[in-house]
Amino acid sequence: MTEGRRSISPRLHASLDLARGVAACYVILHHIANANGWSHGFGLVFRFGQEAVMIFFLLSGFVIFANERDRAIHPSGYYLRRFRRIYPTLTLALIVSTLITIDNGNFHDKFSWKILLGNILNIQDMPNLKPGVIVGPYLGNDPLWSLSYEVFFYALFPIVLIFWKNFNPISDHFIGLLCCICYILYIIHPNHWALVSSYFLVWWCGAMTADAYLRQGRDFRSIGPSFYWLIAICLIAGAAIPMVGYNGLGLFPVLPFRHFIVAGAMIVALYGPLGAALASIAVQVARPVAAVASVSYGLYLLHYPILIDWRRAQSPWGTAGAMALLLVLAYAADRGLGKVLPRAPTE
């Protein structure tokens with residue numbers, strides 16, 4: 001370990017697992033509540049599935065930076081590790097969506113080669129929520145939208161890491177400014193690449209939170225310029241609302257504003273005394289939490305077609321069977337496939 005740095009403690013490992021597991025389970029409950037019309041009254045607590053995805057982005061940036069900060073400068077091994085993580089479960093999700101749609105009897109009505117190719121290339125997003133989308137999620141598997149952002153962040157990371165290592169701290173200002181400019185460009189001319197580029201700032205703040213932690217920083221103020229650029233993009237997103245026009249709380253331009261605000265609030269809340277308190281709780285339930293977290297990616301990508309879209313899951317017994325199938329497939333995807341695939345260098 002580099003002098004002046006610390007490693008990730010068991011308490012933090014437990015906290016990260018808890019956050020990932022809770023976020024995945026929350027997204028599942030969010031979609032179940034929406035599908036059954038339970039998003040009113042007490043069900044309002046399940047209206048924030050999109051915000052839970054911002055937790056995934058922050059966690060992803062944190063974990064990738066903590067694990068890859070000294071390895072990703074050798075991109076071949078890094079990209080193979082990311083490919084092994086992303087594509088086996090994604091491939092299974094595409095197959096499951098196809099089989100369920102065939103079983104539902106509406107495959108020919110919903111299938112599109114363009115959308116399938118777009119999801120394989122990971123350029124999908126939610127066209128009903130924002131403009132400038134290239135293709136939607138394959139066969140309506142809505143959670144796939146966020147994967148295009150993750151893959152873009154992964155692809156960019158080695159380049160940004162090399163730049164950051166050589167030009168720190170100016171690099172943090174450059175990255176933050178560039179992400180803000182990209183969001184302004186998206187407001188002017190909505191397009192997929194400007195939008196995912198602007199969201200890189202959320203992921204990078206997760207990475208810089210990891211850097212601050214490893215430097216023994218005590219709270220969000222130790223993150224540095226990246227966090228203040230996140231505040232800047234919040235202000236830009238807020239200013240865009242009266243300029244573009246209000247279309248609804250869940251639609252552009254309010255939706256990105258919600259995303260950026262929540263990302264900043266999560267950093268402030270969790271990188272400090274509240275985070276330390278939650279870590280104390282998490283370490284007490286570390287083993288079951290780690291078990292859920294280890295299959296959270298599979299749960300996230302597979303739950304929508306199995307629990308929401310599948311006609312056979314619309315009865316109590318059908319729901320129980322679908323849930324069992326989801327758990328088996330999530331385990332197979334996240335923990336089984338990795339054992340049979342070639343391993344990356346230094347892994």
Side-chain angles (χ1 to χ4, degrees), residues 23 26-41 43-58 110 112 114-115 118-119 122-153 179-203 230-266 300-301 303-305 308-309:
Y26 179 88
V27 171
I28 294 173
L29 292 173
H30 163 75
H31 285 133
I32 291 173
N34 279 353
N36 290 278
W38 300 340
S39 297
H40 304 283
L44 286 172
V45 73
F46 298 119
R47 292 287 294 271
F48 305 100
Q50 292 262 327
E51 282 73 12
V53 175
M54 296 305 107
I55 297 176
F56 285 136
F57 289 172
L58 290 169
K110 297 182 69 174
S112 163
K114 177 184 177 182
I115 293 177
N119 281 251
N122 277 294
I123 54 172
Q124 68 277 3
D125 207 338
M126 297 290 286
N128 57 322
L129 302 182
K130 63 197 75 166
V133 173
I134 300 172
V135 297
Y138 179 66
L139 296 177
N141 187 356
D142 287 352
L144 292 176
W145 76 268
S146 64
L147 202 55
S148 66
Y149 290 68
E150 284 280 5
V151 169
F152 179 83
F153 302 156
C179 290
C180 289
I181 290 173
C182 285
Y183 190 69
I184 292 171
L185 292 176
Y186 178 76
I187 295 168
I188 297 170
H189 178 67
N191 67 90
H192 176 76
W193 303 112
L195 187 61
V196 296
S197 297
S198 65
Y199 273 73
F200 182 75
L201 184 55
V202 174
W203 193 91
L230 182 60
I231 295 176
I233 206 169
C234 289
L235 296 175
I236 293 169
I241 297 172
M243 294 172 56
V244 175
Y246 176 78
N247 298 310
L249 286 174
L251 303 174
F252 173 79
V254 175
L255 186 60
F257 176 66
R258 285 171 45 188
H259 289 168
F260 297 139
I261 285 286
V262 165
M266 286 293 175
Y300 179 74
L301 287 194
H303 78 272
Y304 201 90
I308 308 301
D309 283 344

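Residues Ser197 and Cys182 approach most closely at CB-SG, 3.6 Å, considering heavy atoms. In terms of heavy-atom proximity, Ser148 sits nearest to His192 at OG-CE1, 3.8 Å. Heavy atoms only, all atoms of each residue included: Val196 and Trp193 are closest at CG2-O, 3.5 Å. The two residues Ala52 and Tyr26 have their closest heavy-atom pair at CB-CD2, 3.9 Å. The two atoms that bring Ala239 and Pro242 nearest to each other are O-CD, 3.3 Å, heavy atoms only.
Side-chain contact between Leu195 and Tyr183: present, with at least one pair of heavy atoms (C-beta onward) separated by less than 4.5 Å.
Here the straight-line distance linking atom CZ of Phe56 with atom OH of Tyr300 works out to 6.5 Å at 0.5 Å rounding. Atom OG of residue Ser198 and atom CD1 of residue Ile184 lie 10.5 Å apart, to the nearest 0.5 angstrom. Considering CE of Met243 and CD1 of Ile188, their distance stands at 7.5 Å, rounded to 0.5 Å. Atom OH in Tyr304 sits 11.0 Å away from atom CD1 in Ile32 (nearest 0.5 Å). From Tyr186, atom OH reaches atom CG of Asn191 across 8.0 Å, with rounding to the nearest 0.5 Å. With rounding to the nearest 0.5 Å, the separation of CD1 in Ile236 from CD1 in Ile187 is 7.0 Å.
Only one option out of Asn122, Ile123, Ile115 pairs with Asn119 in a side chain to side chain contact (heavy atoms under 4.5 Å, CB included); it is Ile115. Test Leu201, Val202, Ile261 against Ile233 for side chain to side chain contact (heavy atoms under 4.5 Å, CB included) and you get one pass: Leu201.
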Atom pairs and distances, side-chain donor-acceptor, residues 128-144, under 3.5 Å, sequence neighbours left out:
unit_1	atom_1	unit_2	atom_2	d
Lys130	NZ	Asp125	OD1	3.1
Tyr138	OH	Thr98	OG1	2.7
Asn141	ND2	Leu301	O	3.0

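Annotation: side chain to side chain donor-acceptor pair (under 3.5 Å) contacts involving residues 250-266, sequence neighbours excluded, comprise Gln50-His259, Glu51-Arg258, Tyr199-His259.
In this pair, Trp203 and Phe200 present their aromatic rings parallel. The plane angle is below 30°, not in the 30 to 60° band.
Separation of the Phe46 and His30 ring centroids does not fall under the 6.0 Å cut-off.
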